[in-house]
S.K.: 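To start, I am sharing the structure in question, which I have written as structure tokens.
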Amino acid sequence: MRRMTCTLPAPADLAVGMVGVPKDADVELELRFESVMEGVLVTGTAQAPLISECSRCLESSTSSIEVDFQELFFYPVESGLFQTGEEESVLSGDLLDLEPILRDAVVLALPLSPLCRDDCPGLCTECGIRLAEAGPDHRHEKLDARWADLGKLMEHNDNDQEG
Ligand SMILES: [Zn+2]
Ligand SMILES: [Zn+2]
């Protein structure tokens, strides 16, 4: 068994929607290599910085992510000992290509709807200002005329149903 820690630059497109690891950011890896019969079992932890855009107010914020992963790298088929499927990771020489495994682990762990904070009030639907900055008293007294008309229509419908 071998342990190793290293820091590698993040690959491009390590992101989903509004959240991701910036390209070339430091990804800290802690890896453990175990020799098993079929190949090498790699168990690891990766820590990386995250930049996300709040899905409610679009404010960017930074945080970090930590993911665990495990992958069995098979010895090459040429060794004649084992057959491997196309999907499986294969050892090429001494090099393990960890990028796809890291990518899978990170992408799965990313939040689908990141928020700058749990109770982010989002944007004002009227003027688009960030409500967190505008304060709780921010509101617009005047209703848009079209919405006011719609309100009347709905009242009317209610009366019909009652009758
Ligand atoms: Zn927000
Ligand atoms: Zn507003």
Side-chain angles (χ1 to χ4, degrees), residues 2-34 40-73 86-89 95-163:
R2 214 167 88 214
R3 281 172 193 279
M4 176 181 150
T5 52
C6 59
T7 304
L8 295 173
D13 303 322
L14 200 58
V16 181
M18 297 163 131
V19 56
V21 179
K23 186 178 182 301
D24 294 332
D26 285 350
V27 180
E28 285 172 36
L29 293 165
E30 258 185 63
L31 302 169
R32 205 175 75 204
F33 301 91
E34 279 169 84
V40 177
L41 182 66
V42 181
T43 312
T45 306
Q47 253 191 332
L50 268 192
I51 292 187
S52 54
E53 203 167 85
C54 175
S55 59
R56 286 190 200 151
C57 72
L58 309 181
E59 177 85 344
S60 310
S61 58
T62 54
S63 54
S64 64
I65 192 173
E66 185 175 317
V67 294
D68 297 322
F69 53 89
Q70 187 171 62
E71 179 82 4
L72 179 58
F73 286 83
E86 283 173 20
E87 296 295 312
E88 286 156 351
S89 301
L95 287 174
L96 299 169
D97 187 2
L98 284 173
E99 189 190 315
I101 292 116
L102 175 70
R103 183 177 295 275
D104 284 356
V106 169
V107 164
L108 273 176
L110 292 177
L112 288 177
S113 300
L115 295 175
C116 59
R117 59 182 218 215
D118 286 345
D119 60 347
C120 171
L123 299 175
C124 173
T125 51
E126 295 272 328
C127 67
I129 198 175
R130 290 183 58 230
L131 291 172
E133 277 171 8
D137 294 335
H138 176 84
R139 51 177 58 88
H140 300 261
E141 298 302 339
K142 268 195 246 164
L143 272 178
D144 186 299
R146 285 164 293 183
W147 287 104
D149 284 350
L150 200 63
K152 277 181 211 153
L153 277 175
M154 282 161 76
E155 273 173 38
H156 193 66
N157 282 342
D158 282 350
N159 292 341
D160 281 354
Q161 277 165 9
E162 281 168 25

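Just follow the structure's listing: the first ligand is 1, and inside any ligand the first atom is 1.
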S.K.: I need the SG(Cys57)-the Zn ion (ligand 1)-SG(Cys120) angle, rounded to 10 degrees.
M.R.: 110°

S.K.: Quick one: angle Cys54 SG - the Zn ion (ligand 1) - Cys116 SG, to the nearest 10°?
M.R.: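 SG of Cys54 and SG of Cys116 make an angle of 110° at the Zn ion (ligand 1), to the nearest 10°.
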
S.K.: Please name the atom of His140, restricted to N, O or S, that is closest to the Zn ion (ligand 2).
M.R.: NE2

S.K.: Looking just at side-chain N and O atoms, do Glu28 and Thr7 make a donor-acceptor pair shorter than 3.5 Å?
M.R.: no

S.K.: Knowing that exactly one of Thr45, Val42, Thr43, Thr5 qualifies, which makes a side-chain contact (heavy atoms from CB on, under 4.5 Å) with Leu31?
M.R.: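 Among Thr45, Val42, Thr43, Thr5, the one meeting side-chain contact (heavy atoms from CB on, under 4.5 Å) with Leu31 is Val42.
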
S.K.: Suppose you place the vertex at the Zn ion (ligand 2); what is the angle out to Cys127 SG and His138 NE2, to 10°?
M.R.: 110°

S.K.: With the side chain counted from C-beta on, respond yes when Pro49 and Thr62 share a heavy-atom pair under 4.5 Å apart, and no when they do not.
M.R.: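 With C-beta onward as the side chain, the pair stays apart.
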
S.K.: Quick check on Asp13: does its CG atom have over 12 non-hydrogen neighbours (other residues, nucleotides or ligands) under 6.0 Å away?
M.R.: no

